[in-house]
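To keep things clear, I will list the structure first and then write my remarks on it.
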Amino acid sequence: MRALVQRVSQAAVFVEGEKISSIKQGLLLFLGVVKGDSPAALQRMVHKVANLRIFSDQAGKMNLSVKDVAGEVLVVSQFTLAGELNKGFRPSFANAEEPLLAKEMYQQFCDALQEALA
């Protein structure tokens, strides 16, 4: 499982010009599910994201989590994070999980993260 996390003051996802989802302060997270990802790996990633100290405290140090600042998380499925660039100039997505399994793990990740942030 691979994640790309960005701290944001706001974020939104649009599909064909239509807003699908948006958040205010929080995290924009792109999630790639890789073949062989286990439920344990999913739980580790949820724990890491929920407790990632990426927001500034009153002293200006990055010492607070998204939960500490009552932030939101926008999770976007992104299979390209499973791409490999070891050979040539065309990425290989052979390590990306099959779409149906990836969708199921994505939903499990979102559910577990929501529970962890509650």
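Owing to the predicted nature of the structure, the values given are computational and were not obtained by experimental measurement. Side chains are part of it too, since the values below use all heavy atoms of this structure and drop only hydrogens, waters and symmetry mates.
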Subject >> Check: S9 and Q25 side chains under 4.5 Å, non-hydrogen atoms >> reply: no
Original post:
Going through the distances and angles, do R2 and E84 end up as a salt bridge (charged side-chain N to carboxylate O under 4.0 Å, His left out)?
Top reply: CA-CA 12 Å; R2 296 179 183 167; E84 295 291 334; 3.0 Å; yes
Original post:
F109 versus M1: any side-chain heavy-atom pair under 4.5 Å?
Top reply: yes
Original post:
Just wondering, more than 12 heavy atoms not from K103 lying within 6.0 Å of its NZ?
Top reply: no
Subject >> Verify same cluster id: L64, V5 (apolar side-chain graph, 4.5 Å) >> reply: yes
Original post:
Can any side-chain N or O of K35 pair as donor or acceptor with the backbone N or O of A94 at less than 3.5 Å?
Top reply: yes
**OP:** Could you check if a side-chain atom of M105 sits within less than 4.5 angstrom of a side-chain atom of L42, using non-hydrogen atoms only?
**Re:** yes
Original post:
Minimum heavy-atom separation for N95 to A82, with atom names?
Top reply: CB-O, 3.9 Å
Original post:
Taking side chain as C-beta onward, heavy atoms only, is V73 less than 4.5 Å from L113?
Top reply: yes
Original post:
Judged by atom type as modelled, is there a donor-acceptor pair below 3.5 Å linking the side chain of R53 to the main-chain atoms of M62?
Top reply: no
Subject >> Distance in Å, L74 CG paired with Q10 CD, rounded so as to fall on 0.5 Å steps >> reply: 12.0 Å
Subject >> Flag side-chain contact, heavy atom, 4.5 Å: V49 against L27 >> reply: yes
Original post:
Is it true that I23 and F30 fall in one hydrophobic cluster, defined by side-chain heavy atoms closer than 4.5 Å?
Top reply: yes
**OP:** Considering non-hydrogen atoms only, spot the tightest contact between E97 and A102 and give its length.
**Re:** CG-N, 3.7 Å
Original post:
Roughly how far apart are D37 CG and R44 CZ, rounded to 0.5 Å?
Top reply: 9.0 Å
**OP:** Report yes or no: do L4 and M45 belong to one cluster of Ile/Leu/Val/Met/Phe/Trp/Tyr joined by side chain heavy-atom distances under 4.5 Å?
**Re:** no
Subject >> Interatomic spacing from OG in S65 to CG in L52 - rounded to 0.5 Å >> reply: 8.5 Å
Original post:
Just how far is it from atom CG of L117 to atom CD of E72, taken to the nearest 0.5 Å?
Top reply: 10.5 Å
Subject >> Shortest non-hydrogen contact from A50 toward V66 >> reply: O-CG1, 4.2 Å
**OP:** Could you tell me whether a side-chain N or O of Q6 sits under 3.5 Å from a main-chain N or O of L28, the two making a donor and an acceptor?
**Re:** no
Subject >> Gap separating the CG atom of D68 from the CD1 atom of I54, nearest 0.5 angstrom >> reply: 13.0 Å
Subject >> Worked verdict on E115 versus C110 for side chain to side chain contact (heavy atoms under 4.5 Å, CB included) >> reply: CA-CA 9 Å; E115 186 176 312; C110 292; over 6 Å; no
Original post:
Are V46 and V34 connected, step by step, through hydrophobic side chains (Ile, Leu, Val, Met, Phe, Trp, Tyr) whose heavy atoms are closer than 4.5 Å?
Top reply: no
**OP:** Mind checking the CZ-OG spacing from F14 to S22? Nearest 0.5 Å is all I need.
**Re:** 7.5 Å
Original post:
Is any side-chain heavy atom of V76 less than 4.5 Å from a side-chain heavy atom of L29?
Top reply: no
Original post:
Any side-chain heavy atom of V33 sitting closer than 4.5 Å to one from F79?
Top reply: no
Original post:
For T80, which residues count as a side chain to side chain donor-acceptor pair (under 3.5 Å) partner, sequence neighbours excluded?
Top reply: Q78
